[in-house]
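Before any comments, here is the structure.
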There are 2 protein chains.
Amino acid sequence: MERRLVIGLNIALTALVGDEPHVLCVKRPGGWGLPFGRFDPDEHRTFEVALRDFVERQTAVPLGYVEQLYTFGDKGREAPRASLVSGDESDRIVSVGYLALASEATATSLESAQWRPWYTFFPWEDRRTKGGPLPLIEDRLTAWAGDDEARQARFAFTFGSDDSPWAEERAIDRYELMYEAHAVAEAHRDRDGVDGPELFGEAMISDHRRILATAIGRLRGKMRYRPVVFQVIPDEFTLSDLQGGVEAILGFSIHKQNFRRGVESAHLVTKTEKTTQRTGGRPAAVYQVGPNAELKTAIGLPLPRLKP
Amino acid sequence: MERRLVIGLNIALTALVGDEPHVLCVKRPGGWGLPFGRFDPDEHRTFEVALRDFVERQTAVPLGYVEQLYTFGDKGREAPRASLVSGDESDRIVSVGYLALASEATATSLESAQWRPWYTFFPWEDRRTKGGPLPLIEDRLTAWAGDDEARQARFAFTFGSDDSPWAEERAIDRYELMYEAHAVAEAHRDRDGVDGPELFGEAMISDHRRILATAIGRLRGKMRYRPVVFQVIPDEFTLSDLQGGVEAILGFSIHKQNFRRGVESAHLVTKTEKTTQRTGGRPAAVYQVGPNAELKTAIGLPLPRLKP
DNA sequence: TTGCCATATACTCGCCGTGAGCAAAAGGCG
DNA sequence: CGCCTTTTGCTCACGGCGAGTATATGGCAA
């Protein structure tokens with residue numbers, strides 16, 4: 001018999017809550033997943049229309065910036081959730097992943113929908129503070145590599161080492177390495193039977209965690225050459241707010257003075273008359289987006305890494 | 001009645017022929033198009049398998065580097081070629097575009113397949129030499145903009161001006177602007193009735209020229225942070241060969257000495273004992289790819305633009 | 001009231017990447 | 001032998017950027 005093709009749309013919608021990036025998740029039988037919907041060729045003229053339609057209907061959260069990530073067509077990936085979407089096990093599901101940004105984590109109308117922090121799914125991606133589970137993970141991966149030089153090189157390259165620095169946008173490579181090392185729950189779920197000692201980060205259904213990793217990497221990469229931060233912060237902000245947002249997404253801390261100099265000299269922000277003392281010490285000037293902060297502008301934020 | 005979903009795979013396979021980038025085209029009733037095939041969920045495990053399968057079968061050209069570009073799902077775009085793929089007008093076609101690179105423009109087994117130069121489709125993208133159709137095009141677009149300030153700004157930004165430089169990777173934006181200005185044949189074909197004075201570049205069937213523009217832009221952008229050139233040049237080359245390849249893809253000329261300094265200091269190439277006097281003047285050293293030329297390396301080529 | 005703390009803001013210094021130009025070397029060819 | 005072509009080597013200066021130091025301005029507690 002002929003298998004029908006079904007196109008599913010997955011979306012990684014992220015917003016900032018304080019200094020933590022969050023992603024909109026939906027509770028499913030089997031765990032948390034990204035919001036997704038089936039693309040209906042009769043009803044929807046384009047993917048984006050369908051996407052906005054079902055996200056806003058399901059969760060009542062309006063979508064701002066939207067970008068297509070990747071189309072996943074691998075056989076096998078759909079098995080665990082075929083029944084969730086179509087109810088027909090014989091359908092072949094192809095899914096299109098999207099990244100979307102919201103300037104505010106709006107309350108969802110659906111109780112099964114919830115904003116959850118990025119780094120509960122990817123604890124190793126947050127390097128703003130030392131400590132945390134990172135040493136544990138590195139031990140785990142060192143053990144996985146063992147004497148295999150290819151594995152060692154890949155580990156060093158993907159997670160950073162002396163001669164190859166940590167590349168924040170390589171989130172998907174790190175997740176895939178974790179997967180191959182059986183250090184994430186999905187690896188066990190997909191290839192049944194095998195079991196592993198320690199698992200890191202919270203799992204998601206199907207390959208949604210992979211899609212989220214792709215979204216994180218894409219967003220981080222984009223920050224280098226497009227002023228995307230302004231899509232996830234309010235219209236009025238202090239430079240500390242801005243820097244906090246950047247650091248939250250990138251997952252590492254940056255040098256304050258040079259960051260300030262960079263955004264101001266690039267006319268990415270404009271100072272207003274107002275000040276706020278919400279931040280604690282000396283009152284901070286309130287800024288707005290500047291003339292060069294349009295999305296199409298091919299200007300990146302200055303990202304002076306802090307070394308410690 | 002229910003419309004069925006069909007997934008088509010389109011590929012922009014490019015290779016260098018001398019100092020001109022070429023793309024593999026297939027002759028169809030209605031004009032030239034990119035090689036494409038229908039994805040069969042029963043037969044193919046992944047998109048890439050399907051892609052390699054049908055390209056190598058149709059044209060006998062082996063695929064090297066492959067990268068997914070974008071998935072196009074707009075209604076209407078498939079109309080002109082629905083009959084070519086499925087024969088059933090009521091199907092809804094979604095197509096996944098791919099970029100692929102070959103190190104050599106291998107002869108095709110199919111007589112309807114042929115390598116054709118990029119810039120016959122996009123004459124305005126080649127700025128290596130002055131002159132050409134560029135002034136004509138600029139006149140055309142200036143006329144299109146007229147007094148509309150938004151159009152003027154968009155034209156200046158997309159095609160470059162005094163304060164916003166020519167951004168080579170913005171090929172798709174330029175094509176879309178040409179489309180809206182009715183300066184390409186596809187605009188007339190899609191919205192029938194309208195006719196325009198002058199048309200630029202050769203047309204392709206369906207939206208294949210849009211896909212090719214996306215591929216060109218993606219490839220050009222990738223050159224800034226990945227050593228992709230080495231996928232389209234032979235194993236042994238002179239630095240002039242390398243520079244010629246870079247310039248061919250980017251569409252502008254670069255500064256020779258600084259380019260050389262860049263690739264050598266970044267260990268992207270290694271010098272061999274051999275020399276060649278194929279180039280004319282003083283014999284040139286023959287180089288091979290260096291240790292940092294792997295695709296995963298996050299190192300870009302130095303691209304010192306030449307100003308004249 | 002005074003001293004301390006926290007944050008914001010201002011200014012300086014030096015390295016080095018990169019754009020740009022000059023000059024010499026090593027072939028072919030009339 | 002002199003001229004042309006292309007390759008190759010070297011220098012110089014500007015500006016971006018990493019890094020450090022110093023000052024301003026609020027809250028708060030002793």
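Convention: sequence-line order gives letters A, B, ...; per-chain numbering from 1.
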Look at the side chain of [X] and the backbone N and O of [Y], then say whether any donor-acceptor pair between them is shorter than 3.5 Å.
X	Y	value
A:Arg127	A:Phe252	no
B:Trp115	B:Thr106	yes
B:Arg170	B:Thr158	no
B:Gln243	B:Ile254	yes

At under 4.0 Å, does any side-chain N or O of [X] touch on OP1 or OP2 of [N]?
X	N	answer
A:Ser240	C:dA8	yes
A:Arg260	C:dT9	yes
B:Lys256	D:dT6	no

Is it true that [X] and [Y] have a side-chain N and a carboxylate O under 4.0 angstrom from each other?
X	Y	value
B:Lys271	B:Glu264	no
B:Glu20	B:Arg128	yes
B:Glu202	B:Arg116	yes

Figure out the [atom1]/[atom2] separation between [X] and [N], and round it to whole Å.
X	N	atom1	atom2	answer
B:Arg278	D:dT5	CZ	C1'	15 Å
A:Phe259	C:dA10	CZ	P	15 Å
A:Ile254	D:dG18	CD1	P	10 Å
A:Glu264	C:dT9	CD	P	8 Å

>> I need the A:Met178 CE to A:Ile137 CD1 distance, nearest 0.5 Å.
In response: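 Separation between the atoms: 4.5 Å.
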>> Measuring from atom OG1 of B:Thr14 to atom CG of B:Leu212, what distance do you get when rounded to the nearest 0.5 angstrom?
In response: 8.5 Å
Report, one line per pair, each donor and acceptor closer than 3.5 Å where one atom sits in a side chain of residues 228-239 of chain A; sequence neighbours left out.
| residue | atom | partner | partner atom | Å |
| --- | --- | --- | --- | --- |
| A:Glu236 | OE1 | A:Lys274 | NZ | 2.8 |
| A:Glu236 | OE2 | A:Lys274 | NZ | 3.2 |
| A:Glu236 | OE2 | A:Gln288 | NE2 | 3.2 |
| A:Thr238 | OG1 | A:Ser240 | N | 3.3 |
| A:Thr238 | OG1 | A:Asp241 | N | 3.0 |
| A:Thr238 | OG1 | A:Asp241 | OD1 | 3.4 |
| A:Thr238 | OG1 | A:Asp241 | OD2 | 3.3 |

>> Quick one, B:Leu136 with B:Phe200, criterion side-chain contact (heavy atoms from CB on, under 4.5 Å). Give me CA distance, side-chain angles, the key distance, then yes/no.
In response: CA-CA 9 Å; B:Leu136 271 174; B:Phe200 297 97; 4.1 Å; yes
> Which letters describe nucleotides 20-30 of chain D, given B = protein heavy atom under 4.0 Å from base, S = only from sugar-phosphate, - = neither?
Replying inline: BB--BBSS---
> Between D:dC17, C:dT18, C:dT9, which one does the side chain of A:Arg261 approach most closely?
Replying inline: D:dC17
Can you pull every protein N or O that's under 3.5 Å from an N or O on nucleotides 13-16 of chain D?
none

>> Run A:Asp126 and A:Trp118 through side-chain contact (heavy atoms from CB on, under 4.5 Å) and show every step you take.
In response: CA-CA 9 Å; A:Asp126 188 4; A:Trp118 273 10; over 6 Å; no
> With sugar-phosphate meaning primed atoms plus P, OP1 and OP2, does A:Thr238 contact a base, only sugar-phosphate, or nothing at under 4.0 Å between heavy atoms?
Replying inline: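 Nothing: the residue A:Thr238, judged by heavy atoms under 4.0 Å, touches no strand.
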> Any stems for DNA chain D, made of 3 or more Watson-Crick or G-U pairs in a row, each with both distances under 3.5 Å?
Replying inline: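 Stem list for DNA chain D: C:1-30 with D:1-30.
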> Looking at residues at least two apart in the chain, or sitting in another chain, which of them share a side-chain contact (heavy atoms from CB on, under 4.5 Å) with A:Arg151?
Replying inline: A:Trp144, A:Ala145, A:Asp148
>> B:Arg174 and salt bridge (charged side-chain N to carboxylate O under 4.0 Å, His left out): which single residue from B:Glu168, B:Glu169, B:Glu125 fits?
In response: B:Glu125
Please list, pair by pair, any protein nitrogen or oxygen found under 3.5 Å from a nitrogen or oxygen in nucleotides 14-17 of chain C.
none

